[in-house]
K.L.:
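One structure, pasted below without further comment.
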Amino acid sequence: MPWNRPLIIGLLLVVLTLTWWRLQPDGEEVRRSRIMMGTVVEIMAAGQSSKTLEAAVEAAFAEMERLDKLLSRYNTDSEVSRLSQSTTGGEVSLPTVEVLTLGLEISRKSGGAFDMTLGKLKTLWAFDKEAPTLPNAAELSAALSGIGPKALSLEGQQLRKASPQLQLDLGGIAKGYAVDRAIAILKQHGVANAAVNAGGDMYLLGQRHERSWRIGIQHPREEKGVLETVQISNRAVVTSGDYERFFEQDGVRYHHIFNPQTGMPARDCQSVTIITDSVALGDALATAVFVLGPKAGLTLLEQFPQAEGLVIAADGSRHSSPGWTSYQVVP
Amino acid sequence: MKAPWHFMTGGDWLVVLLLLTSSLGGIVSIAAMSEGSRVLITCGDELCFTAPLDQPRTLAIDGPLGQTKLVIDERGARIVESPCPRKICVSMGVAKHTGDLLACVPNRILVHIDGSSGKEVSYDLLSR
C-alpha cells in the first residue's frame, strides 16, 4: 500500500464527518407571523418536535387574540370599550385587573407620565387613521379634562372612573401584557427557546442556536440603521420612538407618544429602549421615560432594579442606565 | 505511453470528485451573493415588516382591500393570493435578488428585497 493512502482516507473521513455534522439540523424551529393588535406579531419557537412547537405557537396566538378582544379600545365589544362607555366603571376580568394594577403603579411612580386615561386624546389626534390631524387648544383642553392617574381606582375587580367621559386606552401596556401571556403559554407547552415579537415589543426566551438572543435596536433617524445590538436571554426588550407614527406640518414633527400634561407629543426624546423582565413593564416604562426625558426618565428607572434603559435624547445624545452595558454587544 | 488517469487509484478519483464538488459549491456560493438577504414589506407609506429571505414563512398582510398572502421559501418571495381585481401582483413571480420588487398597488403593498450592502445581519430581531 502506498504510504499516503491511509492519509488520504483519513482526510476524506474528516471532511465527510464535518460535512455531515454541518448538515445536521440543530432541532426544529417554527416561525409564524400574524397581523393582530394593529401590528405584525411574530412567534419563533425551537425544540425537538415541530408538531409540539406548532401546537404551542397556535395556542400562544390564540391567547393573544383573546386578550386583544378584551383589551383593545378599537373593538367595541371589548371590556375596555365597555368601561369607557360606562359612567362609573364596573367589574373587570382578571387579565384586565393585572394590566390596570401594573399600569396604575407605573402611572403613580412616574407622576402621571404614563397614563391609561388618554383614550379621548388619542381619538382626537387620530394617529390610527389615514390622516392624523393637529387639534386646536380648545379640543386639547376638552380631551384632557378629568384625566390622570387619580381618575382611575381599582379595588379588587371593581374599577371606578372619576369622570363619566373618561375613556381608557391601554395601548401602552396591553400589547406587552399579551406578549408576556404568549410566552407563558409557550412555557406551559414545554418550549424552552422562543421569541414573541409584537411590532418590536418582544420577549426572548432561552437561547437561539446555543447562544443568547441578539437584538438590534432601531436607529431613530436612519430608517435601516441599527443603533446598537444587545444580547439577552429571558428578558423583554421594548423600544418607543418618535419615528413609528408621525406626520409633519409646517416643518414640525408630530408623533404618537403624548405628554399627558399638555396633550401634545412629548419632545425630549427620539427613542427609548427598555430591557426588563416583562414586556408589559417594559412597554409602560418606555412610554413613561420617553415622556419624562433622559434625566428624569433614568431617575425613574432607579425604582426598578430589574430594568435597564437606553435613551436617545431629542438632540441625538445618548444616555443609559448603569447596567445597560452588561447587555451590549461589543462591535 | 499511458495516459495519466491509468495511474489513478479509486482514492485518487474520490479526491478529484471531492475537489470538483467543492469548486462547484464555491461557484454556487459566489452566484448566490447577488441574492438579497432581507424582505422589506411596506403597507401604505410605512415599513410594516421585515424578514430574512432565508427563513421560510407565510405572511398575511393587511391592506385596504383585504389580506395579501406572501410566501417566502427557498425560491424567494412571492405573492400567492391577493384581493385585488386583476391579480397582477400574483403573476409577478418570485423576487430574490437585491432590488427586486413585488407590488400590489390596489392593496397598497410593496415587497422589496434588500441586502445590497452585502453585510451580514448581525442580529436575530429588530426592536423598533
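Reminder, nothing fancy here: chain letters follow the sequence lines and each chain counts from 1.
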K.L.:
Students often mix this up, so state it plainly: with edges at 30° and 60°, are the rings of A:Trp125 and A:Phe127 parallel, tilted or perpendicular?
P.N.:
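Parallel, since the angle between the ring planes stays under 30°.
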K.L.:
Does the gap between the ring centers of A:Phe247 and A:His256 come in under 6.0 Å?
P.N.:
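Ring centres of A:His256 and A:Phe247 not closer than 6.0 Å.
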K.L.:
Find out if the SG atoms belonging to B:Cys84 and B:Cys89 lie under 2.5 Å from one another.
P.N.:
no
K.L.:
Measure distances from B:Thr58 to the heavy atoms of chain A and classify the residue's part below 4.5 Å as side chain, backbone, both or neither.
P.N.:
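Interface part for B:Thr58: backbone (N, CA, C, O).
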K.L.:
Where does A:Gln231 contact chain B at under 4.5 Å (heavy atoms): side chain, backbone, both or neither?
P.N.:
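Contact with chain B is absent: no heavy atom of A:Gln231 under 4.5 Å.
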K.L.:
By a 4.5 Å heavy-atom criterion (distance strictly below it), what part of A:Leu227 contacts chain B: side chain, backbone, both, or neither?
P.N.:
neither
K.L.:
Shorter than 4.5 Å, heavy atoms on both sides: which option in A:Thr273, A:Asn197, A:Val226 has the most such pairs with chain B?
P.N.:
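Among A:Thr273, A:Asn197, A:Val226, the one with the most close pairs to chain B is A:Val226.
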K.L.:
Examine whether an atom of B:Leu40 lies under 4.5 Å from a heavy atom of chain A, and if so say whether it belongs to the side chain, the backbone or both; otherwise answer neither.
P.N.:
side chain
K.L.:
So, are A:Arg318 and A:Glu228 salt-bridged, with charged N and O less than 4.0 Å apart?
P.N.:
yes
K.L.:
Taking the six-membered ring of A:Phe246 as reference, does the cationic atom of A:Arg253 (NZ for Lys, CZ for Arg) lie under 6.0 Å from its centre and within 45° of its axis?
P.N.:
yes
K.L.:
Could you look at A:Val238 and say if it's the side chain, the backbone, both or neither that has a heavy atom under 4.5 Å from chain B?
P.N.:
backbone
